[in-house]
Engineer: 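Before I ask anything, here is the structure I am working with.
What you see below is based on every heavy atom in this structure, not just the backbone, and it leaves out hydrogens, waters and symmetry mates.
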Amino acid sequence: SELIAIEIRKIEQKIGGENVYKKYVALRDSKGVTDYKVSKETGITKSTFTDWKNGRSIPKMKKLVALAKYFGVSVEYFEEDEYGGGDNNV
């Protein structure tokens, strides 16, 4: 259980808030909803979105799951780089 928690934290750190925010904005805009609506329906506060945008916090897996479910995408969507791949260590 502790090992799983460590692995989840590694994934959260790798994804990073700013990348998640960019992906979130694209999904939000394509669905035509507001931060307020997403916040009310997912339980993620608007200040959390602002913290991600400004790089002040790292998204927790629970929040990524909530966003993925809300927008109908996989959690891995938030991990992918802008070219559609995951880990980009080239």
Side-chain angles (χ1 to χ4, degrees):
S1 176
E2 186 176 329
L3 185 57
I4 292 171
I6 291 169
E7 289 301 313
I8 289 173
R9 190 69 186 145
K10 284 181 186 177
I11 292 168
E12 291 169 347
Q13 289 174 338
K14 184 175 131 187
I15 292 172
E18 294 173 56
N19 184 50
V20 169
Y21 185 76
K22 288 177 188 174
K23 299 263 182 148
Y24 159 72
V25 168
L27 291 169
R28 180 199 66 198
D29 292 351
S30 71
K31 191 169 180 171
V33 294
T34 63
D35 286 344
Y36 178 79
K37 183 172 175 71
V38 176
S39 178
K40 291 297 265 183
E41 295 186 13
T42 63
I44 301 170
T45 65
K46 289 181 1 180
S47 64
T48 295
F49 296 132
T50 301
D51 287 346
W52 293 349
K53 178 182 179 180
N54 296 322
R56 286 192 300 253
S57 71
I58 297 169
K60 302 285 189 236
M61 187 60 69
K62 182 177 179 180
K63 291 179 179 162
L64 293 174
V65 170
L67 281 180
K69 185 175 179 180
Y70 179 78
F71 287 110
V73 298
S74 69
V75 172
E76 290 79 12
Y77 167 83
F78 295 104
E79 185 178 357
E80 294 173 352
D81 62 28
E82 62 185 302
Y83 303 106
D87 196 6
N88 191 11
N89 289 332
V90 179

Engineer: Under a 3.5 Å distance rule, please check whether K31 uses its side chain to pair with a backbone N or O of Y70 as donor and acceptor.
Structural biologist: yes

Engineer: Given side chains that start at C-beta, do those of T42 and K69 come closer than 4.5 Å, heavy atoms only?
Structural biologist: no

Engineer: Would you check if V75 and M61 make a side-chain contact, meaning some heavy-atom pair closer than 4.5 Å?
Structural biologist: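 The answer is yes, as the side chains (C-beta and beyond) meet within the 4.5 Å cut-off.
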
Engineer: If you round to the nearest 0.5 Å, how far is OG1 of T34 from NZ of K46?
Structural biologist: 7.5 Å

Engineer: Looking at A68 and S74, what are the two nearest heavy atoms and their distance?
Structural biologist: CB-C, 3.9 Å

Engineer: For F78 and V73, run side-chain contact (heavy atoms from CB on, under 4.5 Å): C-alpha distance rounded to whole Å, both residues' side-chain angles, the deciding distance at 0.1 Å, then the answer.
Structural biologist: CA-CA 9 Å; F78 295 104; V73 298; 4.2 Å; yes

Engineer: With heavy-atom distances below 4.5 Å as the criterion, would you say the side chains of L67 and V38 are in contact?
Structural biologist: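 The answer is yes, as the side chains (C-beta and beyond) meet within the 4.5 Å cut-off.
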
Engineer: Is the NZ or CZ atom of K23 positioned over F71's six-membered ring, under 6.0 angstrom from the centre and within 45° of the axis?
Structural biologist: no

Engineer: How would you list, by chain and number, every residue that makes a salt bridge (charged side-chain N to carboxylate O under 4.0 Å, His left out) with K37, sequence neighbours excluded?
Structural biologist: E41

Engineer: Determine whether Y21 and R28 make a side-chain contact, defined as any pair of heavy atoms from C-beta on separated by less than 4.5 Å.
Structural biologist: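 Sidechains of R28 and Y21: in contact.
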
Engineer: Return the CG to CD1 distance between D51 and I58, rounded to the nearest 0.5 Å.
Structural biologist: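 One gets 11.5 Å once the value is rounded to the nearest 0.5 Å.
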
Engineer: Closest approach of A26 and Y77, non-hydrogen atoms and distance?
Structural biologist: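 Residues A26 and Y77, closest heavy atoms: CB-OH, 4.4 Å.
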
Engineer: Which distance, rounded to the nearest 0.5 Å, do you find between the OH of Y24 and the CD1 of I44?
Structural biologist: 8.0 Å

Engineer: Report yes or no: does S39 contribute a side-chain atom to a donor-acceptor pair with the main-chain N or O of D35 at less than 3.5 Å?
Structural biologist: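 Checked: no pair found.
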
